[in-house]
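Each chain gets a letter, A, B and so on, in the order the sequences are listed, and its residues count up from 1. All of these numbers come straight from a predicted model, not from anything done at the bench.
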Amino acid sequence: MLLRSRLVRPLLKANVRYAAGTEGPNNAILEMLKINKEEEAQSPDKNPYKIRAFTSAIKVISELDHPIQSAIEAKALKGVGPGILRRIQDFFDTSGHTPDVLDPAAADQLKRNRVARAELEQVTGIGPVKARQLVAAGCMTIEQLKTPPYLEMLTTTQQRIGVTYFHHLGERVSRAEAETVAQFIRDAIPSKYEVIIGGSYRRGAATSSDIDLIILHPDHVHVPVPLGTPSKVSTVSATKRNGALPASLLQSEVVPALQTRGILAAAMSSGDLKWQGIVLVPEPTDDQWGERQRRLAAIESGQGVYRRMDLNLVAQKSRGAALIALTGDTEFNRDVRIRASKVGMHLNEYGLWRWNENSEENSEEEGKDDSAGFWELVRAHTEEEVLRELGMEYVEPVKRNFSLVLGKGPARMKAKGKKR
DNA sequence: GTGACATCGCATAATT
DNA sequence: AATTATGCGA
DNA sequence: GTCAC
């Protein structure tokens, strides 16, 4: 009897007693901040950076695993400054909200939950939100993730694949593996395609977390123009703004060819410009690639070496900008893009853009059209062009490993990227 | 105190 | 059904 | 609104 009840209700109920229908220990505060954020978002003269600041504070507080005891405690978090402090202070004062006090046992449980969340977040597709849900439901290890009822909580294909291939994805990708895959793909698709290995491989790393491929074809010429204005470039994705275009070469030719050849093990996402998923690293046999049937059978049974791979279809015109964006590293990209915005331009993976104001007359003639100008592509074809336009000397890919340099130096601890 | 704040693709959930 | 927001990754 | 300077 006692044994049975323990099996059915494992020890965790005590720590998931946050108010029903909520998911975190600071839900009341978060709701309050979300209202503040929404007010700013609705304001006619809204400050996008202020909205972002609210978002950032909400995020960092939502990741806390315990109730905030005092406004001062929150102030210590990165992203919480005087403004949020004041709001939390007011909230405590006016709402009569009294934070729960933790006893040692509860504190211990919270610590275990924190460890569990960190473990679950190692699975690609599981971030802070999903990890919290899982731990709240009682899932404490990746092993448990593979069993009901937790497996059913993994709703996205990305999460399912992340669990299935977790062991493989923990392995680093060697340069040889990246080269093998890239060469196989070159052999599998028409010779008009050009395949470049980007990412940390191109920066000279001995091993990488994934295989990042840049694919060019003379017939793929689509270069989307940024939406919005310099002060607020829209984040609407290209798929939205493009509406219905003919299926891209990636979807009509590249992906099908690779499927046929039996190296695509699973697709996490697959669009007109980008494919993300798992590749089976093919084994060269003598001077030829092994049997396609053998690979398909291997994928079926989970045998072989699997790695994360990204395919990016890029227009020739965007080659330079795309190489910069897809080579990284993150800190280098941030630095270059900041330089662009400092001189009133916009850099994305499609190119370096300049904003042209419409003249008064133009605006008048357009009638009620309040669009104040248009984006003009300045440079994009080569990395050197783009960097030169920004007043920079060319930087060898191998010298773009800013994260390492800045990581151990003073200041500049801004990186909010993930460990993976 | 003041100037600067990365950008985007895709999948899914939520909302209208 | 269509649009918008969120989550996540890079 | 927050942070680095």
Side-chain angles (χ1 to χ4, degrees), chain A residues 33-34 36-38 40-41 46-60 62 75 77-87 121 123-133 154-162 198-200 208-212 224 226-228 231-243 248 250 267-277 308-313 321-322 324-342 345-351 353 410-420:
Chain A
L33 291 176
K34 283 174 186 169
N36 277 281
K37 173 189 169 185
E38 204 46 43
E40 181 65 23
K46 60 187 169 191
N47 175 355
Y49 299 110
K50 190 166 171 179
I51 298 171
R52 184 185 301 171
F54 274 121
T55 306
S56 148
I58 287 168
K59 183 165 188 292
V60 69
S62 74
K75 176 71 170 66
L77 301 168
K78 196 169 73 175
V80 177
I84 306 283
L85 169 68
R86 177 178 57 75
R87 285 170 164 82
E121 282 183 34
V123 176
T124 187
I126 298 182
V129 172
K130 196 69 190 184
R132 178 183 295 285
Q133 289 171 8
L154 304 184
T155 53
T156 70
T157 57
Q158 199 178 17
Q159 291 160 352
R160 291 296 180 98
I161 294 170
S200 56
S208 312
S209 60
D210 66 350
I211 303 171
D212 239 308
L227 288 185
S231 63
K232 184 182 182 299
V233 175
S234 168
T235 58
V236 176
S237 67
T239 43
K240 289 286 183 187
R241 52 189 163 191
N242 291 344
S248 77
L250 187 62
M268 291 173 159
S269 76
S270 182
D272 284 345
L273 303 175
K274 184 187 293 280
W275 183 95
Q276 295 184 304
R308 272 283 289 109
M309 176 171 76
D310 286 0
L311 305 177
N312 299 280
L313 182 63
I324 292 174
L326 297 172
T327 298
D329 63 8
T330 299
E331 287 291 324
F332 178 77
N333 286 352
R334 184 198 300 270
D335 185 71
V336 180
R337 286 172 170 175
I338 289 172
R339 283 172 190 263
S341 65
K342 275 181 176 154
M345 295 198 276
H346 180 72
L347 178 64
N348 61 22
E349 66 180 289
Y350 304 114
W353 307 82
R412 205 60 233 204
M413 294 287 286
K414 183 81 174 173
K416 64 170 186 177
K418 311 246 165 172
K419 329 87 208 169
R420 290 191 291 280

J.: May I ask you to verify if any side-chain N or O of Arg334(A) is less than 4.0 angstrom from the OP1 or OP2 atom of dA6(B)?
T.: yes

J.: Tell me which nucleotide among dA10(C), dG1(D), dA13(B) gets nearest to the side chain of Thr155(A).
T.: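 Per side-chain heavy atoms of Thr155(A), the pick is dA13(B).
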
J.: Counting N and O atoms only, with roles assigned by atom type, does the side chain of Gln158(A) sit under 3.5 Å from a partner on the main chain of Met268(A), one being a donor and the other an acceptor?
T.: no

J.: Which part of the nucleic acid, if any, lies within reach of Ile58(A) when heavy atoms closer than 4.0 Å are counted: base, sugar-phosphate only, or nothing?
T.: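 Counting heavy atoms under 4.0 Å across all strands, no contact is made by Ile58(A).
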
J.: For Asp272(A) and dG9(B), what is the distance between atoms CG and C1' respectively, to the nearest whole Å?
T.: 11 Å

J.: Could you state the atom-to-atom distance from CD of Gln158(A) to P of dG9(B) in whole Å?
T.: 16 Å

J.: Can you tell which of dC5(B), dA10(C), dC10(B) lies closest to the side chain of Lys274(A)?
T.: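 For Lys274(A), the side-chain atoms sit closest to dC10(B).
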
J.: What pair of heavy atoms forms the shortest contact from Gly79(A) to Ile84(A), and how long is it?
T.: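 Of all heavy-atom pairs spanning Gly79(A) and Ile84(A), the closest is O-CG1, 4.4 Å.
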
J.: Any side-chain N or O of Tyr49(A) under 4.0 Å from OP1/OP2 of dA6(B)?
T.: no

J.: In this structure, how many angstroms lie between the P atom of dT7(B) and the CD1 atom of Ile324(A), rounded?
T.: 14 Å

J.: Between Arg86(A) and dG1(D), is there a side-chain N or O to OP1/OP2 distance below 4.0 Å?
T.: yes

J.: If you take all heavy atoms of Ala131(A) and Ile126(A), which pair is closest and at what distance?
T.: N-CG2, 3.7 Å

J.: Rounded to whole Å, please give me the gap between CZ in Arg337(A) and P in dC5(B).
T.: 13 Å

J.: Among dA11(B), dG1(D), dG9(C), which is the nearest nucleotide to the side chain of Thr124(A)?
T.: dG9(C)

J.: Within the side chain of Arg308(A), is there an N or O that forms a donor-acceptor pair under 3.5 Å with the backbone of Ile211(A)?
T.: no

J.: How is Asn312(A) classified with respect to the nucleic acid when contacts are heavy atoms under 4.0 Å: base, sugar-phosphate, or nothing?
T.: nothing

J.: Nearest to the Lys130(A) side chain among dC8(C), dG1(D), dA10(C), which nucleotide is it?
T.: dC8(C)

J.: Rounded off to whole Å, could you give me the CD-to-C1' distance for the Glu349(A) and dG9(C) pair?
T.: 13 Å

J.: When the P atoms of dA6(B) and dA4(D) are considered, how many whole Å apart are they?
T.: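 Each nucleotide's P atom is 13 Å from the other's.
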
J.: Is Ser56(A) touching bases, backbone alone, or none of the nucleic acid, heavy atoms closer than 4.0 Å?
T.: nothing

J.: From NZ of Lys37(A) over to P of dT6(C), roughly how many Å is that when rounded to an integer?
T.: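 It is 5 Å, rounded to the nearest whole Å.
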
J.: Taking C-beta and beyond as the side chain, do Asp210(A) and Gln276(A) meet within less than 4.5 Å on heavy atoms?
T.: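 Asp210(A) vs Gln276(A): side chains apart.
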
J.: Choose from dA10(C), dG9(C), dT12(B) the nucleotide whose nearest atom is closest to any side-chain atom of Asp310(A).
T.: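 The answer is dA10(C).
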
J.: When you measure from the side chain of Thr55(A) to the backbone N and O of Ile51(A), does any donor-acceptor pair fall under 3.5 Å?
T.: yes

J.: Which of the following nucleotides, dG9(C), dC8(C), dG9(B), is nearest to the side chain of Tyr350(A)?
T.: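 Per side-chain heavy atoms of Tyr350(A), the pick is dG9(B).
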
J.: Have a look at Arg87(A) and say if it touches a base, only the backbone sugar-phosphate, or nothing, with a 4.0 Å heavy-atom cut-off.
T.: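 The answer is sugar-phosphate, as Arg87(A) gets under 4.0 Å only of primed atoms, P, OP1 or OP2.
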
J.: When the distance from CD of Glu331(A) to C1' of dA6(B) is rounded to whole Å, what number comes out?
T.: 10 Å

J.: Is there a side-chain polar atom (N or O) of Asn348(A) under 4.0 Å from OP1 or OP2 of dC8(B)?
T.: yes

J.: Would you indicate which nucleotide in dA10(C), dC10(B), dT2(D) comes nearest to any side-chain atom of Ser269(A)?
T.: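 The answer is dC10(B).
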
J.: By nearest heavy atom, map Thr156(A) and Arg52(A) onto DNA chain B; which one lands nearer the 5' end?
T.: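 Per heavy-atom nearest nucleotide, the more 5' residue is Arg52(A).
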
J.: For Ile126(A) and dG7(C), give me the distance from atom CD1 to atom C1', rounded to whole Å.
T.: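 Whole-Å distance recorded here is 12 Å.
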
J.: Checking all strands, does Val80(A) fall into the base, sugar-phosphate, or nothing category for heavy-atom contacts under 4.0 angstrom?
T.: sugar-phosphate

J.: Would you indicate what Leu326(A) reaches in the nucleic acid, counting non-hydrogen atoms under 4.0 angstrom: base, sugar-phosphate, or nothing?
T.: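 If one applies the 4.0 Å heavy-atom cut-off, Leu326(A) turns out to touch nothing in the nucleic acid.
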
J.: If we ignore hydrogens and angles and just use 3.5 Å, is the side chain of Asp212(A) paired with the main-chain N or O of Gly198(A) as donor and acceptor?
T.: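 Judged by distance alone, no pair lies under 3.5 Å.
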
J.: At 4.0 Å (heavy atoms only), tell me whether Leu347(A) reaches a base, stays on the sugar-phosphate, or touches nothing.
T.: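 The answer is sugar-phosphate, as Leu347(A) gets under 4.0 Å only of primed atoms, P, OP1 or OP2.
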
J.: When the nearest nucleotide of DNA chain B is assigned to Asn333(A) and to Ser270(A) on a heavy-atom basis, which residue is associated with the more 5' position?
T.: Asn333(A)

J.: OP1 or OP2 of dA6(B) versus the side-chain N and O atoms of Thr330(A): is any pair under 4.0 Å?
T.: no

